[in-house]
Amino acid sequence: FFWLDAEFFKYNWHDPIFLVDANAVTLTDPRTGTTATGAARYNPAVWYYSYGQKFVSANSKHMAGLGWVSSQIDATQISYWANICDTNSWTIAGEIVCDSANNNDILRAIARAGGGEIATRNGKLSASIAASKTSVGTITEDDLSGKITWKSAVNAVERPNRLIPRFLSEANGFKIVDGSAITDASYLTTDSSLVRSRTVEFPYVPDATQVGQLGAYALANAREPWVFNIPCKAQVAYLAQVGDAITINTTDWSSYKVVITKR
């Protein structure tokens, strides 16, 4: 037993902290709405969907997660994402240390393991996915309620051209270690060969090849040149959702493809 110093603990109580092993909990596959089995248990999108609901123990206890009901989560988009993860052989592993304050951080880290970002679509928990995107519609001058404005996404002197991804290495006792640096010759040429490095951690990615692929997406996204604000008329309210690609075809921007990050 422990002897407790009453004066010390009087001012040092904290929320309980739980360590959750995903191998010991029940997960739900968004593609079927049933318990995930086999390879689906190692799919990042399945973890994301399940954490949005809850990780359930063998005796049906809520071990971790947001506790949202299925109607509050975008199963269609997350199912599409789960299939992308399968196609790319992207998996997820690790232990979740959670308390009442870090649910969003955990959900964001889980999403990152599958090349995703937290998003809201139609009022539901969803995801924006790192994948090739086909434009789902076009914004023209007739669709605008005001002038499109834009600004630089990042100053040129702060734009990275080299990324070091950190991942969960089994060979190193499941510790977070540096992966191989990622760059592109064209980035260095554009930046006059001045190397600018950035480190990004992928705490639930267990594979060096996978973290290299995800790191390449992260580096490309970090170099996006512009952020747009596009004021639209009500007629295009349902043209697209967060994470979708659309095309701007106006006087200032001809056939320019962008991805929606916020509505």
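In this text the structure is predicted, and so the values were computed from the model without any measurement.
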Participant: For A131 and I84, work out which heavy atoms get closest and say how close.
Facilitator: CB-CD1, 4.0 Å
Participant: Is the side chain of S169 donor-acceptor paired with the backbone N or O of N172 at a distance under 3.5 Å, no angle test?
Facilitator: yes
Participant: According to a 4.5 Å side-chain heavy-atom criterion applied to Ile, Leu, Val, Met, Phe, Trp and Tyr, with indirect links allowed, do V177 and V205 form part of one hydrophobic cluster?
Facilitator: yes
Participant: Is the backbone N or O of R196 less than 3.5 Å from a side-chain atom of R162, with the two atoms forming a donor-acceptor pair by type?
Facilitator: no
Participant: With a 4.5 Å heavy-atom cut-off, do Y204 and I106 have their side chains touching?
Facilitator: yes
Participant: With a cut-off of 6.0 Å (strictly less than), are more than 12 heavy atoms of other residues, nucleotides or ligands near NZ of K233?
Facilitator: yes
Participant: Between L168 and K175, does a side-chain contact (heavy atoms from CB on, under 4.5 Å) hold up when you go through it step by step?
Facilitator: CA-CA 5 Å; L168 186 70; K175 293 181 180 179; over 6 Å; no
Participant: Between CZ of R263 and CG of D244, what distance do you get to the nearest 0.5 Å?
Facilitator: 9.0 Å
Participant: Side chain of R112, backbone of P203: donor and acceptor closer than 3.5 Å?
Facilitator: no
Participant: If you count heavy atoms of other groups shown closer than 6.0 angstrom to CD of E170, is the number above 12?
Facilitator: no
Participant: If we count only N and O atoms by modelled type, under 3.5 Å, do the side chains of T250 and D252 hold a donor and an acceptor together?
Facilitator: no
Participant: Sub-3.5 Å donor-acceptor pair from the side chain of S128 to the main-chain atoms of A119, do we have one?
Facilitator: no
Participant: Taking the side chain as everything from C-beta on, heavy atoms only, tell me whether W90 gets closer than 4.5 Å to L214.
Facilitator: yes
Participant: Is a side-chain N or O of Q210 found less than 3.5 angstrom from the main chain of T91, in a donor-acceptor match?
Facilitator: yes
Participant: Under 4.5 Å between side-chain heavy atoms, hopping through other hydrophobics if needed: is there a path connecting F174 to W47?
Facilitator: no
Participant: May I ask you to check whether E141 and T251 show a side-chain donor-acceptor distance below 3.5 Å?
Facilitator: yes
Participant: Under a 3.5 Å distance rule, please check whether S79 uses its side chain to pair with a backbone N or O of P30 as donor and acceptor.
Facilitator: yes
Participant: Would V227 and W150 count as a side-chain contact (heavy atoms from CB on, under 4.5 Å) here? Give the steps.
Facilitator: CA-CA 6 Å; V227 174; W150 61 90; over 6 Å; no
Participant: Side chain to side chain donor-acceptor pair (under 3.5 Å) between N249 and Y256: does it pass, once the steps are laid out?
Facilitator: CA-CA 7 Å; N249 195 12; Y256 197 83; over 6 Å; no
Participant: Write down the atom of S132, the atom of Y217, and the distance for their closest heavy-atom approach.
Facilitator: N-OH, 4.4 Å
Participant: Taking all non-hydrogen atoms of both residues into account, name the closest pair between A222 and R198 and its distance.
Facilitator: CB-NH1, 3.4 Å
Participant: Find out whether L239 and I139 are in side-chain contact, i.e. whether some heavy atom of one side chain is under 4.5 Å from a heavy atom of the other.
Facilitator: yes
Participant: Step by step, work out the side-chain contact (heavy atoms from CB on, under 4.5 Å) result for V259 and K133.
Facilitator: CA-CA 9 Å; V259 175; K133 298 179 187 290; 3.8 Å; yes
Participant: Does the side chain of Q213 pick up a donor-acceptor pair with the side chain of N88 at under 3.5 Å?
Facilitator: no
Participant: Could you check I246 against K257 for side-chain contact (heavy atoms from CB on, under 4.5 Å), going step by step and ending with a plain yes or no?
Facilitator: CA-CA 6 Å; I246 60 171; K257 190 165 73 170; over 6 Å; no
Participant: Of T190, D191, N161, which meets side-chain hydrogen bond (donor to acceptor under 3.5 Å, both in side chains) against R223?
Facilitator: D191
Participant: Looking at A36 and V46, what are the two nearest heavy atoms and their distance?
Facilitator: CB-CG1, 3.9 Å
Participant: Where is the tightest heavy-atom contact between A113 and I92, given as atom of each residue plus distance?
Facilitator: CB-CD1, 3.8 Å
Participant: Do I176 and F167 have side chains that get closer than 4.5 Å, going by heavy atoms?
Facilitator: no
Participant: Does L188 belong to the same Ile/Leu/Val/Met/Phe/Trp/Tyr cluster as L219, with side-chain heavy atoms less than 4.5 Å apart forming each link?
Facilitator: no
Participant: Starting at CG of D178, measure out to CD of E201 and round the result to the nearest 0.5 Å.
Facilitator: 9.5 Å
Participant: Does a side-chain heavy-atom distance below 4.5 Å link R31 with N83?
Facilitator: yes
Participant: Would you kindly confirm whether L27 and L125 end up in one hydrophobic cluster when ILVMFWY residues are joined by side chain heavy atoms under 4.5 Å apart?
Facilitator: yes
Participant: Any side-chain heavy atom of I230 within less than 4.5 Å of one from C232?
Facilitator: yes
Participant: Looking at every non-hydrogen atom in both residues, tell me the closest pair between G52 and I73 and how far apart they are.
Facilitator: C-CD1, 3.7 Å
Participant: What I'd like to find out is whether the side chain of I129 reaches to under 4.5 Å of the side chain of Q77, using heavy atoms alone.
Facilitator: yes
Participant: Can a side-chain donor-acceptor contact be found between T32 and D29 if the only test is distance below 3.5 angstrom?
Facilitator: no
Participant: Any link between V136 and Y80 through a network of hydrophobic side chains (Ile, Leu, Val, Met, Phe, Trp, Tyr) touching at under 4.5 Å?
Facilitator: no
Participant: Given side chains that start at C-beta, do those of L163 and T199 come closer than 4.5 Å, heavy atoms only?
Facilitator: no
Participant: Take F228 and W253 through the test ring-ring contact (aromatic ring centres under 6.0 Å, His included) and record every step on the way to the result.
Facilitator: CA-CA 11 Å; F228 294 86; W253 298 91; 4.8 Å; yes
Participant: Would you say the ring centers of W81 and Y48 fall short of 6.0 Å from each other?
Facilitator: yes
Participant: Between D86 and N43, do the side chains contain an N or O donor and an N or O acceptor separated by less than 3.5 Å?
Facilitator: yes
Participant: Does S135 reach the main-chain N or O of G137 with its side chain, forming a donor-acceptor pair under 3.5 Å?
Facilitator: yes
